[in-house]
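One structure is given below, encoded as structure tokens.
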Amino acid sequence: MADEITIQQLDPERFVAEKVEQIRGAVGGGSAINALSGGVDSSAVTMLGHRALGDRLRTVFVQNGLMREGEPERVVSLFADLGVKVDVIEAREEFFSALEGLTDPEEKREAITQTFYRKVFGRIVRESDARHLLQGTILTDVDETVAGIKRQHNVFGQLGIDPQEAFGYGIVEPLVELRKDGVRKVGEHLGLPAELFERIPFPGPALAARVIGEVTPERVEVVRKATSIVEKALAGTGAFQYMAILHEDRVTGMREGRRDYGNQIEVRCWESVDARTASPSRLPWELLERLASEITSRVPGVVSVTYNIATKPPSTIEVV
Ligand code: XMP
């Protein structure tokens, strides 16, 4: 397994120079692809890859229908400002049909992995001459997958899966010795704007990691609206990560004097350094009240809002 480069050991300039060499060595004279989700890890890999390969790297944003509000437009425009062209690949139909009827967390993760790596990327690679995928796997992803806690959707080699054999292309993971704090430092060094390198973490399975039970376009839309409210309201807290989760159970509520059997949203806000352990932020009560009122008034069908008060462990940061 990869050794860890701690934040104290990390020299971003040397790290970037070494990784540029590693990427060039792995890709040789060929070309590569990378998927950019707009998160910290994939944004850092995009900049690193373009530094190493220039036009020989094609960057795509996979529109899987599971991303946050306005995300494709935002990512395309932020990277255009950095001189990186991002192609948006339409794949909503493929992801939602793979997720249809699935409620088990690991089955949902596996469906997303297969759709992403086998179907969508397999197709892009076949249609291009790229033979490598650059991706932003970090050490925390590997740890939790190997420990059997969660199958992070981007971990293969460490599980004995050869991507070349399984999907027909090689995977290069230049960030695999780092944790989130190290990636932020490297991202800053690579010239990412603060709104990207300081961004809160967002999971590979995207909003599907925040829908308990079946992931349908309608249910994702509920969690997407709630996410947007939570991210705006908690942006100033300095917390490590915050999110909205849609529960599977519905509860009896009332609206305009009538019974309304509706959805519940759980809000989580975490204090953490590297995501290995975390505790809930002690948010001011007024802020929580404002959140509850905004979510119940602006997200159709939501009648209940809860705030998580448990730590990781035994919880995990994401709910699926
Ligand atoms: P957990 O939920 O395992 O998350 O405590 C640890 C950190 O990793 C981020 N993250 C993921 N989490 N599946 C996950 O469950 C993924 O594929 C993934 N990718 C990133 C998560 O948001 C948290 O910061």
Side-chain angles (χ1 to χ4, degrees), residues 4 34-45 62 64 66-68 71 95 98-99 102 104-117 120-121 133 135-159 161 171 173 175-176 178-184 187 196-212 215 223-224 227 230-231 234 237-246 266-281 308 310-320:
E4 176 168 359
N34 85 299
L36 170 62
S37 66
V40 187
D41 309 338
S42 68
S43 296
V45 166
V62 176
N64 54 17
L66 306 171
M67 293 302 194
R68 285 172 284 186
E71 201 63 7
F95 279 88
L99 286 163
L102 301 183
D104 177 78
E106 293 299 303
E107 283 179 17
K108 293 195 299 197
R109 285 169 176 274
E110 185 60 14
I112 291 170
T113 300
Q114 293 300 330
T115 308
F116 193 82
Y117 289 93
V120 178
F121 262 95
L133 173 67
Q135 76 173 11
T137 319
I138 67 170
L139 198 50
T140 317
D141 301 342
V142 176
D143 283 349
E144 296 212 344
T145 303
V146 173
I149 295 169
K150 284 184 192 185
R151 165 78 165 81
Q152 306 266 333
H153 93 306
N154 53 2
V155 175
F156 302 104
Q158 297 83 355
L159 292 177
I161 300 167
I171 298 187
E173 297 172 322
L175 306 181
V176 78
L178 303 180
R179 298 201 185 266
K180 199 61 100 185
D181 45 3
V183 181
R184 293 192 201 285
L196 281 174
F197 74 75
E198 281 177 357
R199 210 170 181 201
I200 55 170
F202 189 67
L207 296 175
R210 301 185 179 166
V211 171
I212 305 178
V215 182
V223 91
R224 181 181 286 123
T227 300
V230 169
E231 289 195 351
L234 302 187
T237 58
F240 176 80
Q241 195 169 2
Y242 29 87
M243 63 194 69
I245 291 148
L246 175 61
E266 176 185 333
V267 176
R268 292 182 173 196
C269 182
W270 295 108
E271 299 299 317
S272 178
V273 175
D274 56 15
R276 282 186 289 187
T277 59
S279 55
S281 303
N308 172 64
T311 56
K312 171 183 180 175
S315 285
T316 57
I317 289 180
E318 303 291 348
V319 81
V320 165

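Predicted model, so just to flag it, every value in this text is computed and none were measured. These numbers come from the heavy atoms of this one structure, side chains and all, not from hydrogens, waters or symmetry mates. Ligands are counted one by one from 1 in listed order, and the atoms in each one are counted from 1 as well.
No donor-acceptor pair under 3.5 Å is formed between the side chain of Lys150 and the backbone N or O of Thr316. Looking only at distances, no side-chain donor or acceptor of Arg210 sits under 3.5 Å from a matching main-chain atom of Glu318. Side-chain N or O atoms of Arg199 include one that pairs as donor or acceptor with a backbone N or O of Gly38 at under 3.5 Å.
Taking the ring pair (Phe, Tyr, Trp, His ring centres under 6.0 Å) definition, one finds that Phe121 meets it with Phe116, sequence neighbours left out. Under the ring pair (Phe, Tyr, Trp, His ring centres under 6.0 Å) criterion, Phe95 pairs with no residue at all, not counting sequence neighbours. The ring pair (Phe, Tyr, Trp, His ring centres under 6.0 Å) search around Tyr242 returns none, not counting sequence neighbours.
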Tabulate distances under 3.5 Å between N/O atoms of ligand 1 and N/O atoms of the protein, writing both atom names on each line.
from     : atom 1 : to     : atom 2 : distance (Å)
ligand 1 : 2 (O)  : Lys150 : NZ     : 2.6
ligand 1 : 2 (O)  : Ile317 : N      : 3.3
ligand 1 : 2 (O)  : Glu318 : N      : 2.7
ligand 1 : 3 (O)  : Glu144 : OE1    : 2.4
ligand 1 : 5 (O)  : Lys312 : NZ     : 2.6
ligand 1 : 5 (O)  : Ile317 : N      : 2.8
ligand 1 : 13 (N) : Arg109 : NH1    : 3.0
ligand 1 : 13 (N) : Arg109 : NH2    : 3.4
ligand 1 : 13 (N) : Gln152 : OE1    : 3.3
ligand 1 : 15 (O) : Arg109 : NH2    : 2.6
ligand 1 : 17 (O) : Gln152 : OE1    : 3.3
ligand 1 : 19 (N) : Gln152 : OE1    : 3.3
ligand 1 : 19 (N) : Gly204 : N      : 3.2
ligand 1 : 22 (O) : Gln241 : NE2    : 2.8
ligand 1 : 22 (O) : Glu318 : OE2    : 2.6
ligand 1 : 24 (O) : Gln241 : OE1    : 2.7

